[in-house]
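I have placed the structure first, in the form of structure tokens, so that the comments after it can refer back to it.
Below, chain A is the first sequence line, B the second, and so on; all start at residue 1.
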Protein chains: 2
Amino acid sequence: MTQNAGKDSGAQTGEAMDLGAMTGSLGFLLRLSQLKSFDTFFHEMKGLEIRPGEISVLMLLDRNPGIRQGVLARALMIKRAHMTKMVHAMEGAGLVCRTVPDADRRSVQLWLTDAGRARLETVQGPFLAFENRNTSGLSDADEAMLKTLLRRYLGLDRPNA
Amino acid sequence: MTQNAGKDSGAQTGEAMDLGAMTGSLGFLLRLSQLKSFDTFFHEMKGLEIRPGEISVLMLLDRNPGIRQGVLARALMIKRAHMTKMVHAMEGAGLVCRTVPDADRRSVQLWLTDAGRARLETVQGPFLAFENRNTSGLSDADEAMLKTLLRRYLGLDRPNA
DNA sequence: TATTGTTATACTCTATAACTATA
DNA sequence: TATAGTTATAGAGTATAACAATA
């Protein structure tokens, strides 16, 4: 429709915006925070051609060689169907290989290839440096507290995962 | 490839998983936390057929009648091109209307229609009730602290937005 | 019967660039 | 020249369900 407004009643044309009750919504705050952190990631890791998902898979497979595909999917909270595509893409890129264990021949175990480990080498240093740089704009104490609370929210506090 | 593994070297077939350095990554924690919070949202708001994005637009337009489309897009950290599609969809559903102000005829102002306000009425109560229910599993103090730190991270602390 | 991974489909979200109309 | 919004296109991500192999 896009009608033309002769009057200009109640309109605020500036940049300011009243977020109202949304500033009290944990989901809303997490959504915006995640978008901001990914923006920062892409800005700081620019040139390495790496995505957050790929780097976490590389680091997790390095730490957990032979992990089953479904366990990895659950840990990253992504669907099995999507994990299949992700893993196949990384296998196509020569970064991971897949084996079927005799113990349960339905499942698939994942391992880094030499190329996968080399890729991790290339990427892990800059990533950990970026993480240590504290690009959040928070004080060190606030950032540490924020991470602690997020781990607690996720149930990663205890020695489980 | 999917080779068969005769041996079973180093493999852990259980559920446990070592997240290693990823538990120190703010982006990783925010990503998982956001996924978890959306899962909770869909579980708690099931039956209302509402999505997080739609509810925030409804509430923001209610608070900021006549806001310009681009300002809303920036506040929600989504691209203008995507905002166009979102707004057109909501206009097609009769929830919002768009006007072109004389002051700047390039821009578009957004308003809730009566149907949009009715939709908000239907949805806002359950949503605010859900928000007040504290479904995070954190203590009230921890949840409040978490929200405070996220607002600080987003720069929503100060009386700006 | 239940589970693991796969395939197929569709829909949402995102990224990019070219385009228009206005400023 | 720059900006606001639009359009078109392509690529990720996601949800769902049906399926085969295995448990």
Nearest-Å distance for atom pair [atom1]/[atom2], residues [X] and [N]:
| X | N | atom1 | atom2 | value |
| --- | --- | --- | --- | --- |
| B/R98 | D/dA4 | CZ | P | 16 Å |
| A/R74 | C/dT3 | CZ | C1' | 10 Å |
| B/D39 | D/dA15 | CG | P | 7 Å |
| A/F42 | D/dA12 | CZ | C1' | 10 Å |
| B/R80 | D/dT6 | CZ | P | 10 Å |
| A/I67 | C/dG5 | CD1 | P | 11 Å |
| A/L110 | C/dT6 | CG | P | 9 Å |
| A/H82 | D/dT16 | NE2 | C1' | 15 Å |

N or O in side chain of [X] less than 4.0 angstrom from [N] OP1/OP2:
| X | N | value |
| --- | --- | --- |
| B/Q69 | D/dT6 | yes |
| A/K79 | D/dA15 | yes |
| B/R51 | C/dC13 | yes |

Looking only at atom types and distance, does a side-chain atom of [X] sit under 3.5 Å from a main-chain N or O of [Y], one as donor and one as acceptor?
| X | Y | result |
| --- | --- | --- |
| A/R151 | B/T23 | yes |
| B/N134 | B/L138 | yes |
| A/N132 | A/L128 | yes |

Reading DNA chain C from 5' onward, which residue's closest nucleotide shows up sooner: B/I78 or A/T84?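 Looking at DNA chain C, the more 5' nearest nucleotide goes with A/T84.
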Of all the choices, [options], which nucleotide is nearest to the side chain of [X] once you look at every atom?
| X | options | answer |
| --- | --- | --- |
| B/R106 | C/dT22, D/dT22, D/dG5 | C/dT22 |
| A/R31 | D/dG5, D/dT7, C/dT14 | C/dT14 |
| B/S107 | D/dT22, D/dG5, D/dA12 | D/dG5 |
| A/K85 | C/dT14, D/dG5, C/dT9 | C/dT9 |
| A/L35 | C/dA23, D/dA23, C/dT14 | C/dT14 |

Where do B/G24 and A/E131 come nearest, in terms of heavy atoms and distance? O-OE1, 3.7 Å
Can a salt bridge be assigned to the pair A/K36 and A/D39 using a cut-off of 4.0 Å between side-chain N and carboxylate O? no
